[in-house]
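Worth knowing before you read on, the calculation uses all heavy atoms, side chains too, and leaves out hydrogens, waters and symmetry mates. Source: prediction; values computed, not measured.
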Amino acid sequence: MPPLMGIEFLCRVADVLSDYLEGLNEDVIKDNFVIVYELLDEMIDNGFPLTTEPNILREMIAPPNIVSKMLSVVTGNSSNVSDTLPGATASCVPWRTTDIKYANNEVYVDLVEEMDAIINRDGVLVKCEIYGEVQVNSHITGVPELTLSFANPSIMDDVRFHPCVRFRPWESHHILSFVPPDGLFKLMSYRVKKLKSTPIYVKPQITSDAGTCRINVMVGIRNDPGKMVDSITVQFQLPSCVLSADVTANHGTVTVFTNKMCNWSIDRIPKDRAPALSGTLMLETGLERLHVFPTFRVGFRIQGVALSGLQLDKLDLRVVPSRLYKGFRALTRSGLYEVRS
């Protein structure tokens, strides 16, 4: 079989379990072992992926709740499997449940992007790219035919689609034509490579002599994205040779944990001054200078902007139902954003 088929199936299993159990770790799996076993039994059959769509699985196997757990204890019946097979399993669009009806029809499209960047110790941008997802939340009566187009689709690389997307229209005209699942789902993912700038800068300066080390870090807006940059954080791991740290900041809060991880929470950059962190690090006995320099992990969030420059053009329905509401949003946040010192 294709190697990526196994990887994709494992990712789908992880997504379904996270959706069902509202988290995914060893304890959660132990507490809900019966449901996990039932889900795996429906998702794979004789070694082949079978039913992997969350909305169809929800009709087959009810998600866990307090009432079902109490009933299983009282009655001794721990199975959540439905007695009837969902009608969509025999449909040509198995990702969508049948006979859906809504009083108000609505569809919302979100562009969610993560910026990965590496900046070297000279302040030069070594790598900057965007990983993005087009997320759709659809509540529409019947079996709607949607088309979504972009103003600049040529900037996208490594595109990956939900099974509902018809590949021919994308291949010929870069238009997404699809019958959506009901509810929230990831329509596609993409990458935008070789970006030239980042929204914020982080400038660390580290000097050491005679067993002590001085650290100064400044943060500010490099290129104004036109929207508020918030949830800004800077994290760095102090080297093992550091015995103690006295670190303060003129804005935000600084926390040094017992594992020598330093977290600087800034949130928003004030207009009257640039946030700055400074402090003194004491090195272990016999060590004059610092030889291992920390890497700074930066976090941020920008509502209402897709920093890749990707723009949605229009969203159309072949048969428009009454009372249709459409909405578009964008969000950019940091992914693996590193500044080296």
Side-chain angles (χ1 to χ4, degrees), residues 1-30 32-33 35-58 60-61 86 88-96 110-118 126-136 148 150 153-172 174-181 183-195 297 308 310 333-338:
M1 70 176 205
L4 286 178
M5 181 180 175
I7 296 173
E8 174 64 23
F9 178 73
L10 289 174
C11 291
R12 185 62 66 93
V13 170
D15 290 341
V16 168
L17 292 181
S18 298
D19 183 42
Y20 257 79
L21 310 179
E22 298 180 352
L24 187 58
N25 56 54
E26 186 178 352
D27 294 332
V28 169
I29 291 176
K30 286 180 178 178
N32 299 276
F33 176 77
I35 284 184
V36 172
Y37 192 90
E38 290 170 347
L39 285 170
L40 291 175
D41 197 37
E42 297 294 343
M43 294 183 72
I44 194 164
D45 181 45
N46 198 29
F48 292 94
L50 187 62
T51 305
T52 59
E53 287 300 324
N55 59 334
I56 305 299
L57 288 169
R58 282 180 177 275
M60 290 180 171
I61 303 166
T89 53
S91 167
C92 60
V93 283
W95 52 84
R96 185 173 179 84
D110 291 341
L111 282 181
V112 181
E113 298 188 339
E114 288 188 354
M115 173 174 279
D116 297 337
I118 297 176
V126 177
K127 170 194 170 185
C128 185
E129 66 179 34
I130 291 281
Y131 170 79
E133 293 181 354
V134 179
Q135 298 178 358
V136 178
L148 177 66
F150 301 93
S154 59
I155 68 173
M156 291 188 286
D157 290 314
D158 303 336
V159 291
R160 180 167 167 252
F161 302 110
H162 187 278
C164 70
V165 176
R166 301 181 181 96
F167 190 63
R168 284 286 179 84
W170 174 261
E171 196 174 32
S172 56
H174 281 181
I175 293 176
L176 295 175
S177 175
F178 58 99
V179 176
L184 180 65
F185 70 101
K186 182 172 72 175
L187 179 64
M188 69 174 292
S189 64
Y190 60 89
R191 287 190 185 277
V192 179
K193 301 178 181 178
K194 298 181 180 179
L195 297 177
R297 291 284 301 271
S308 66
L310 184 66
R333 56 188 176 221
S334 59
L336 183 63
Y337 192 113
E338 292 187 347

To check you understand the geometry: which heavy-atom pair defines the closest contact between E42 and L50, and what is its length? O-CB, 3.6 Å
Would you name the heavy atoms of P49 and M5 that are closest together and state the gap between them? CD-CE, 3.4 Å
How many angstroms lie between atom CG of L39 and atom CG of L21, to the nearest 0.5 angstrom? 7.5 Å
Those residues at least two apart in sequence (or on a different chain) that pass side-chain contact (heavy atoms from CB on, under 4.5 Å) with N25 are D27, V28
Is R166 salt-bridged to E171, cutoff N-O under 4.0 Å? no
In residues 158-165, what donor-acceptor pairs under 3.5 Å come from side-chain atoms, sequence neighbours left out?
residue	atom	partner	partner atom	Å
D158	OD2	K193	NZ	3.3
R160	NH2	E8	OE1	2.4
R160	NH2	E8	OE2	3.1
H162	ND1	C164	N	3.0

Without swapping roles, check the side chain of D116 against the backbone of L336 for a donor-acceptor pair under 3.5 Å. yes
Approximate separation, where rounding is to 0.5 Å, of F150 CZ and M188 CE: 5.0 Å
With a 4.5 Å cut-off on side-chain heavy atoms, are E53 and R58 touching? no
Working to the nearest 0.5 angstrom, can you tell me the gap between M43 CE and L17 CG? 7.0 Å
Aromatic ring pairing H174/W170, orientation class (parallel under 30°, perpendicular over 60°, tilted between): parallel
Side chains of Y337 and E114: do they bring a donor and an acceptor to under 3.5 Å? no
Closest approach of L24 and S18, non-hydrogen atoms and distance? CB-OG, 3.6 Å
Could you tell me whether the side chain of V134 reaches within less than 4.5 Å of the side chain of L111, counting heavy atoms only? yes
What's the separation between atom CD in E38 and atom CD1 in I61, rounded to the nearest 0.5 Å? 5.5 Å
Would you find a donor on one side and an acceptor on the other, under 3.5 Å apart, between the side chain of Y20 and the backbone of L57? yes
Could you tell me if the side chain of Y190 sits less than 4.5 Å from the side chain of I155, heavy atoms only? no
Does any non-hydrogen side-chain atom of L187 lie less than 4.5 Å from one of L148? yes
Find the distance between CD (E113) and CZ (R333) and round it off to the nearest 0.5 Å. 10.5 Å
Taking the side chain as everything from C-beta on, heavy atoms only, tell me whether D157 gets closer than 4.5 Å to E129. no
side-chain contact (heavy atoms from CB on, under 4.5 Å) against I7, all qualifying residues, sequence neighbours excluded: L4, C11
Any donor-acceptor pair under 3.5 Å linking the side chain of Q135 with the backbone of V112? no
How many angstroms lie between atom OG of S308 and atom CE of M156, to the nearest 0.5 angstrom? 8.5 Å
Closest heavy-atom contact between R96 and P180? NH1-O, 2.7 Å
